[in-house]
Amino acid sequence: MNTLSNTQLNDEIIQPNYNRTALKTKIVHLGFGAFHRAHQALFTDEVAQKSDSDWGICEVNLFGGEALISALRQQDHLYSVVEKGAESTTIKVIGAVTESFHPASNGINTIIEKMAEPQVAIVSMTITEKGYCTDPATGRLDKNNPLVIADLSNPTQPSSALGYIVQALQLRRERGQNAFTVMSCDNVQENGHVAKAAILEFAALLNVELAAWIEAHVTFPCTMVDRIVPAATEETLNEITTLLGVQDPCGIACEPFRQWVIEDNFVAGRPEWNLAGAEFVEDVVPYEEMKLRMLNGSHSFLAYLGYLGGYEHIADTMTDQGYRKAAFDMMMRAQASSLSMPEGTDLNAYATSLIDRFTNPSLKHKTWQIAMDGSQKIPQRMGSSLQFHLNNQTDFRWLATGIAGWMRYVSGVDEQGQDIDVRDPMVHHLSDICSQHGLNASVVPALLSIEAIFQTEIGQNEQVIAAVTLAYQSLIDNGAKATVAAL
Ligand code: NAI
Ligand code: CS2
């Protein structure tokens, strides 16, 4: 069978120019999803292209993605990334992956033993917001999470990322080895701090001495990650086949832009990701907040209100002047105003560049995809800035409309009366509440009372209840397009 690894590719395709057999598995990455393929793995590949780096990655999918791991193995762990700008396209073959595993095909122990190998210096993650098993409103471990309950009662056979990491660290401690760095690359506010708190709390419930060892030996750098990487579609995979001349089931398309800001705090070394454009800084938190509020906050706003308005993709919403203007105002008036950035940061230029990126017609980024897991996303994308506006008594109507859009969306019925396929770890709870109220504004205080999503200072605040109710009523009476245009 012709695969990426046994096919002679066209010279115009950027391919590994280094000796792949010299790479060592020094990173184990949990979450071989769309994003990691086009971000961390690509940066690591580029470092190997530009230096004598020996940093290789072992890819693991803990949930789903078994077929992807199997396909990756069949092509010698090579895969392609297509960068699609508005006018030009570049294709690269990534060579930085050395191994890959899935618990269903390789067993849990194989993965934990890999993480415990002494040369493994970093365990990194893109496991989605829900992978941290935390309460989204507070970022603390959710002890009622079924994965946490199961892993605490059977810690040597874990299923959650936390369980795997703690078990691997337990083995390393037992064997007198050094620790590894745990690096979160998820869109989670203060992702390193959240990972640290969840892992320490989880470990302490098993063994306080282990928790103390982890606290003393492991670091959890925060990172700000950015690149728009929509889920692969049949269309993008066909396009990749045409460009490569061979099928690549692991191929992924993304935008040309990429950014990675990393707190330089690694216990056992790290690749020189700066050679590929990453920035190492002392404090990432302001950059994370900027990106989460301005990019992701307006993305969620466009996802809920765009889907309701009949727009399938983010780029489609940008063709509607009402949405385009509202997204810019959301960025500048609701979000930028809530940030404290290092001197010299030009938030107006950042917002303008985000609108350009959202407009890229080559990227088919579905509003439905971004609308997923809203219970985990809304608190960090809109909650903190909402609190800022309450404290300062400033205008937060864009945030209220975004939250109302989410509430209208999770009702599960669109403006034409068609079902919406709502994906969310809290979907049952949300749909119970929505079905009690129907499409009635009384659902607003009921949803705002979910403390896992809205801290009481927000959820019980009369101004918030009134503003979200007003926006929700407008969505019912006038629909999403008119509500957004009236902002
Ligand atoms: P994806 O759906 O392609 O992959 C999701 C990955 O998460 C899979 O590897 C899956 O195995 C893993 N996963 C899901 N639930 C899990 C759980 N409970 N525990 C452990 N692993 C779990 O999604 P994609 O696009 O790769 O995004 C993943 C995350 O990367 C996002 O949630 C976000 O935090 C971050 N990210 C994504 C960007 C994008 O544009 N796609 C850009 C910036 C960050
Ligand atoms: C999106 C992000 O799916 C979502 O929720 O908002 O994945 C977004 O594409 C990235 O954060 C861009 O860096």
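Counting starts at 1 for both ligands and their atoms, following the listed order. Any value given below was found using the heavy atoms of this structure, including those in side chains, with hydrogens, waters and symmetry copies removed.
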Fill in the blank from the handout: For residues 72-104, the ring-ring contact (aromatic ring centres under 6.0 Å, His included) pairs (sequence neighbours left out) are Phe32-Tyr79

Problem - side-chain contact (heavy atoms from CB on, under 4.5 Å) partner of Ile57, the single match among Ile27, Leu23, Thr25, Asp45 - result: Ile27

Handout entry: Side chain, backbone, both or neither: Lys291 near ligand 2, heavy atoms under 4.0 Å
Key = side chain

Practice task
Tell me yes or no: between the side chains of Glu83 and Thr89, is some donor less than 3.5 Å from an acceptor?
Solution key: no

Practice task
Using the six-membered ring wherever Trp is involved, compare the ring planes of His29 and His36 and label them parallel, tilted or perpendicular (cut-offs 30° and 60°).
Solution key: parallel

Handout entry: Element-labelled atoms of ligand 2 that are located less than 4.0 Å from some non-hydrogen atom of Lys377
Key = 3 (O), 4 (C), 5 (O)

Practice task
Kindly confirm or rule out an N or O of Asn296 lying under 3.5 angstrom from an N or O of ligand 2.
Solution key: yes

Problem - ligand 1 to Asn61 polar contact by distance, N or O atoms, under 3.5 Å - result: yes

Handout entry: Within reach of ligand 2, part of Asp226 (heavy-atom separation under 4.0 Å)
Key = both

Handout entry: Arg381 and ligand 2 - part of the residue with a heavy-atom distance under 4.0 Å
Key = side chain

Problem - Proximal ligand 2 atoms for His299, defined as those under 4.0 Å from one of its heavy atoms - result: 1 (C), 6 (O), 8 (C), 9 (O)

Exercise for the section: Go through ligand 2 atom by atom and flag the ones less than 4.0 Å from a non-hydrogen atom of His365. Expected result: 9 (O)

Problem - Nearest candidate to atom 37 (C) of ligand 1, where distance is taken over non-hydrogen atoms, out of Phe63, Tyr132, Phe32, Phe35 - result: Phe35

